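In each ligand, atom 1 is the first atom listed, and ligand 1 is the first ligand listed. Keep in mind the model is a prediction, meaning the values are calculated, not measured. Quick note: numbers below take in every heavy atom, side chains included, and nothing from hydrogens, waters or symmetry partners.
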Amino acid sequence: MTLTKESLRRAREERADLIRDLHSEVTTCYRLFHGAAEGRPGLTIDRYGPVLLAQTWDQTLSAEELTVFLDSAEELNPVHNHRAKPVNFEAHFPVEPFEALGEELGMTFDVSPRHRGEDPLVFLDFRAARRRVRLECRDRDVLNLFSYTSTMGQVAHSLGASSVLNVDFATSALEVGRANVARNHPGTGSIEFFQSDCLAALWQLAGRELPRRRGDSPYIAPRTFDLIVLDPPRLSKGRFGTVDVVRDYGSLLKPCVQVCRPGGAILATNHVPSVALEDWLKGVRRTTEKAGRRVQNLEVIVPESDFPSFDGNHPLKMAWITLD
Ligand SMILES: C[S@@+](CC[C@H](N)C(=O)[O-])C[C@H]1O[C@@H](n2cnc3c(N)ncnc32)[C@H](O)[C@@H]1O
């Protein structure tokens, strides 16, 4: 299966209504072609403001596909990032990093397609969750775990959260988030960027002492929140333990439940395609109840229609869990 003019045209047609609506909401960042679901596995094409970004995994773009992609760029700057290891940016374009800004729902974010990491600076499939947070964050204390470039934290801050605490161990990602603050409506609450292992931060927030044998971690005092965003990667290993959302989601979720105020909510995600939604939700309920709290309401959020799926089983699973 290859990318053809016809498959791109079809993908655009299917998104015509969504794209019109997104533009009317001042959104210039969205997915235009979504891999296997649209006929070419291992290829995505996104618009990020002034950039048209093609990403490939496994197999790179063939000469024919490259022509189709470049022809579709119109007035946008085409960028191709090939993500197979080892990444060799020299073989793709452009070679030099360049800065770009894009909009989502009237907010501006750094969407530079070449930077220190490989992932785009804003995850587009998380837009549906950001929409929800916009509605729920006013006057709330928000904890944004695994915050990456803190897009979610920025949304909550600009939309009236009392406080936002973004936590990630990647300094460069937090720096991008800090720079985005000045680009957007200044919230009246506070916004903090806390560089730390999320497990160490969560344990301290929940009032647990850190095991000395694991070494030091920046101190943070115990505290509770009205809204907790838990958007972990599939797997990461740190001094304070392993984040593994397939084998042990519970050890991440439990301290979140402990720092969630009565009536508060946790926005939890799981990105692993092989994890079935129903199984993950069962585990989420079990952990919450074991931690001594009742799930008052659990609502599944699905990615918007620029992320089509064959069967409704989106790799990104998102749940809004309201606790008693
Ligand atoms: C999938 S991204 C999160 C995306 C983010 N929630 C958003 O809204 O864009 C995963 C992030 O987790 C961070 N990370 C992974 N393991 C971590 C750990 N143990 N402690 C702190 N950050 C971690 C990475 O640095 C990365 O920024």
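- Residue R286 qualifies as open at atom CZ: its count of foreign heavy atoms under 6.0 Å is 12 or below.
- For the salt bridge (charged side-chain N to carboxylate O under 4.0 Å, His left out) test with R127, the passing option among D46, D306, D21 is D306; the others fail.
- Sorted by first and then second residue, the side chain to side chain donor-acceptor pair (under 3.5 Å) pairs involving residues 311-323 (not counting sequence neighbours) are S309-D311, D311-N313.
- Between M152 and N144, the closest heavy-atom pair is CB-ND2, 3.9 Å.
- Under the salt bridge (charged side-chain N to carboxylate O under 4.0 Å, His left out) rule, E104 has a single partner from R130, R183, R134, R131, which is R130.
- Side-chain N/O atoms of Q55 and N81 include no donor and acceptor closer than 3.5 Å.
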Ligand 1 N/O to protein N/O, distances under 3.5 Å:
{"unit_1": "ligand 1", "atom_1": "6 (N)", "unit_2": "F146", "atom_2": "O", "d": "2.9"}
{"unit_1": "ligand 1", "atom_1": "6 (N)", "unit_2": "D231", "atom_2": "OD2", "d": "2.6"}
{"unit_1": "ligand 1", "atom_1": "16 (N)", "unit_2": "S236", "atom_2": "OG", "d": "2.7"}
{"unit_1": "ligand 1", "atom_1": "20 (N)", "unit_2": "C198", "atom_2": "N", "d": "2.8"}
{"unit_1": "ligand 1", "atom_1": "22 (N)", "unit_2": "F169", "atom_2": "N", "d": "3.2"}
{"unit_1": "ligand 1", "atom_1": "25 (O)", "unit_2": "D168", "atom_2": "OD1", "d": "2.7"}
{"unit_1": "ligand 1", "atom_1": "27 (O)", "unit_2": "D168", "atom_2": "OD1", "d": "3.4"}
{"unit_1": "ligand 1", "atom_1": "27 (O)", "unit_2": "D168", "atom_2": "OD2", "d": "2.7"}

